[in-house]
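Step one of this worksheet: look at the structure below.
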There are 2 protein chains.
Amino acid sequence: MKKKGPTIQDVANRAGLSKAAVSRYLNKSINLPEETGRKIDEAVKALGYRRNSIARRLSKGGSETIGLVVPEISNPFFSEMAEAVEQTASERGYNLILGISRNHPDKEIGFLRWIDDSIVDGLLFVTNRPGNRRLQLDIRRYRSVVLLDEDIPGTVQDKVFCQNVEGARDAVRYLIRTGHRRIFHVTGPVSLMSVKERLDGFRLAHEEAGLPCSDNHIFHHDYSQQFGRDVVRDILSRPALPDAVFAASDYIAIGMLEELKRNGVRVPDDMSIVGFDDTTLAGLVTPKLTTIRQSAAEMGRIGATRLLDALAQPGVLRGVTRIAASLVVRDSVLDRRE
Amino acid sequence: MKKKGPTIQDVANRAGLSKAAVSRYLNKSINLPEETGRKIDEAVKALGYRRNSIARRLSKGGSETIGLVVPEISNPFFSEMAEAVEQTASERGYNLILGISRNHPDKEIGFLRWIDDSIVDGLLFVTNRPGNRRLQLDIRRYRSVVLLDEDIPGTVQDKVFCQNVEGARDAVRYLIRTGHRRIFHVTGPVSLMSVKERLDGFRLAHEEAGLPCSDNHIFHHDYSQQFGRDVVRDILSRPALPDAVFAASDYIAIGMLEELKRNGVRVPDDMSIVGFDDTTLAGLVTPKLTTIRQSAAEMGRIGATRLLDALAQPGVLRGVTRIAASLVVRDSVLDRRE
DNA sequence: TTCATCAGATAAACCGGTTTACAAAGTAGC
DNA sequence: GCTACTTTGTAAACCGGTTTATCTGATGAA
């Protein structure tokens, strides 16, 4: 029942050589004459030798594994990201280990320890708790961490975000261009960089168009479907309805869609809605959601590439990379120009 | 820049003891007097010692990591499963490493090698290629593999599936009970166990009701949205439309919904639809999909528990576990009884 | 011939723990 | 006082590789 596989010593014995020769040959760190190489190859094949990766990690000090830490994986944005990261990692011979933080700072910090513990060589990190002081202080100690999607202020790592300002500005520009004048913004907590930046874009588009932009047209809470539903009740209780809403996430937009429907408000006839993210859900709801597309896959791919490059060649920081955010027109916005 | 953390030897030195004493104390495999224990604790704290998990794995022979292999992670069914697996694993001190096979048998077999390579102690395995001969032969060599969702014939591992027959039967019973008489079945490839079993349930419900059940009311291809769209064109080209369709996956059902809408066929007024899986998408589409709920999370949780139990106490096989599949009534079925 | 050089290969240290087998000191029982 | 445990602890082997420093014998140049 033991199934102890053959060790490198067994291979060496069979080939009539030393461990060192076999190891170096297998790692291509030595040039051996053809005949010798053949003997090793033969022994490896005959014994079915596979090197023990744990032992290898111990002596090399690396794990050939990277980690991805996300708040949740059942959110399509993160699962699309994970898919791309796994793809990129596996193309370069790395394994991917998954950490799900459920937004607990303790878990997040625990995942950082993976680096100390040589469980991973580096980490791709997404957090929704940028304000956590401990995390902030802690994360700076770690090189080989790449931040995705949301920033943690005061950190110096490589980072990959999307063009939040431009995306939001384009969304609102589009609403203005299609004749909307009273636009609300429903978004997440002010602590998040993406929220701040999308709000900047929202304001920018208003300024460009010479439109006023009141603070009480802005609703902060979180990027959830539930908030989308709740905010609708809030909005409907007000004297004047907006003719459009720019929601800073598809989840919010979808929650709103649902609740508006329940209240007999037709989208887009009575109210237009634009979302943000373009997860797979956006094309599935009715009406199909017009939204700003940011590719979670691209973010994952670029982040993983950055990280793997950094591991291969330490010391080279590339700073912040921005991926595109572009408008995808579907059915949730009505053209109101007469 | 080396950041070499303190080793157990450093702790031993500071506490004036031997490596062995420290190791055994830290692993609670020895009882030391309070005073000595305190000295070790002090040294650990003062030095900020964390044990090197790679070295530990090497000597213990285990990795305290399990793997989850799925065809894709961006499919909500699998990401919900992954979330539950990660949760269960982390509660028991295990890490989760993710393998995405993209349905390539080569990759699947590669992931099995993780066990040989001591990268994982065990594997949760979901495949859509049950027919692959090589995989079939190969997988039998591995204990500590648990099969989820789909079977691989001829294997002896622990397995967790859902009650496909009962679920499908209930779906069709419900359609019959609500007055439907001409029910089509749109499903995946015959090679999958789930497809066979759901078909059995489909037939069973017809028999019970004394209804005929023709083979050319059954459409096989795959569990994809695209097939849902395609099959609608096929069905609409036929002389007589069904009054209901039982789709063996939500993805198929959603694809059909979309294409039916495009063709002016109203759901559920002109045609009722029942899906299978109850992924998050089901509640989001219009009309909301009536479907059979199988909890991917529960499957993941139970599978992970089985695997971890098996690792803790080898040799005890529990065979096949079935999780519930139950009807969730939403808006895609019309009651046609006058 | 002789010294330098180099290809081919190895012994031994090392990575950082765990574990086995055993020693030394304390103490109980008689 | 002597034997028999118990307690407290350790030295050394081990896990399975990688890597460094070194050795040997052959080739080439002077």
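Chain identifiers are assigned alphabetically (A, B, ...) following the order of the sequence lines, protein sequences preceding nucleic acid strands; residue numbering begins at 1 within each chain.
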So which nucleotide from D:dG17, C:dA9, C:dG17 ends up closest to the side chain of A:R51? D:dG17

Looking only at the side chain of A:R56 (C-beta and beyond, no hydrogens), which of the listed nucleotides C:dG8, D:dT18, C:dT18 gets closest? D:dT18

Contacts of type ring pair (Phe, Tyr, Trp, His ring centres under 6.0 Å), residue A:F111, not counting sequence neighbours: A:W114

Thinking salt bridges, do B:D116 and A:R51 make one under a 4.0 Å N-O criterion? no

Tell me the interatomic distance from A:E34, atom CD, to C:dG8, atom P, rounded to whole angstroms. 12 Å

Considering only NZ, NE, NH1 and NH2 on the basic side and carboxylate oxygens on the acidic side, decide whether A:E35 and A:R38 come within less than 4.0 Å. yes

Using the C1' atoms of five pairs at each end, what's the angle between the two axes of the helix from C:dT1-D:dA30 to C:dC30-D:dG1, to 10 degrees? 50°

Nearest to the side chain of A:I8, heavy atoms from C-beta on, is which of C:dG8, D:dG17, C:dT19? D:dG17

Any pair counted as ring-ring contact (aromatic ring centres under 6.0 Å, His included), so long as it reaches residues 54-107 of chain B, sequence neighbours left out: none

Which is true for B:T7 with a 4.0 Å heavy-atom rule: it touches a base, it touches only sugar-phosphate, or it touches nothing? sugar-phosphate

Is there a donor N/O on one and an acceptor N/O on the other, under 3.5 Å, for the side chain of B:R24 and the base of D:dT10? yes

With the side chain defined as heavy atoms from C-beta on, A:S59 is closest, among C:dC15, C:dG8, D:dT8, to C:dC15

Can you confirm whether A:R113 is buried at CZ, in the sense that more than 12 heavy atoms of other residues, nucleotides or ligands lie under 6.0 Å from that atom? yes

Should B:R129 and B:E150 count as an ion pair when the cut-off is N to O under 4.0 Å? no

Rounded to whole Å, CG of A:N52 lies from C1' of D:dG17 at a distance of 7 Å

Side chains of A:D41 and A:Y25: is there a donor and an acceptor less than 3.5 Å apart? yes

When we call it a touch if two heavy atoms are under 4.0 Å apart, what does A:L58 touch: a base, just sugar-phosphate, or nothing? base

Whether B:N27 contacts C:dT18 is assessed here as follows: a side-chain N or O lying under 4.0 Å from the phosphate OP1 or OP2. Is that the case? yes

Classify the nucleic acid contact of A:Y49 as base, sugar-phosphate or nothing, counting any heavy atom under 4.0 Å across all strands shown. sugar-phosphate

Separation of atom CD1 in A:I30 from atom P in D:dT22, rounded to whole Å: 17 Å

Tell me, do B:T280 and B:E80 make a side-chain contact under 4.5 Å, heavy atoms counted? yes

Nearest whole Å is fine: how far is D:dG9 C1' from B:K19 NZ? 15 Å

Taking OH from A:Y25 and C1' from C:dA7, how many angstroms apart are they, rounded to a whole number? 16 Å

From the candidates C:dA9, D:dT18, D:dG16, the one with an atom nearest any side-chain atom of A:L17 is C:dA9

Tell me whether the OP1 or OP2 atom of D:dT18 has a side-chain N or O from A:S23 closer than 4.0 Å. yes

When we call it a touch if two heavy atoms are under 4.0 Å apart, what does B:T36 touch: a base, just sugar-phosphate, or nothing? sugar-phosphate

Nearest whole Å is fine: how far is D:dG16 P from B:I119 CD1? 16 Å

What is the distance, rounded to the nearest whole Å, between atom NZ of B:K60 and atom P of C:dT18? 7 Å

Rounded to whole Å, please give me the gap between CD in B:E64 and C1' in C:dT18. 13 Å

Closest-nucleotide 5' rank along DNA chain C - winner of B:A20 and B:A55: B:A55

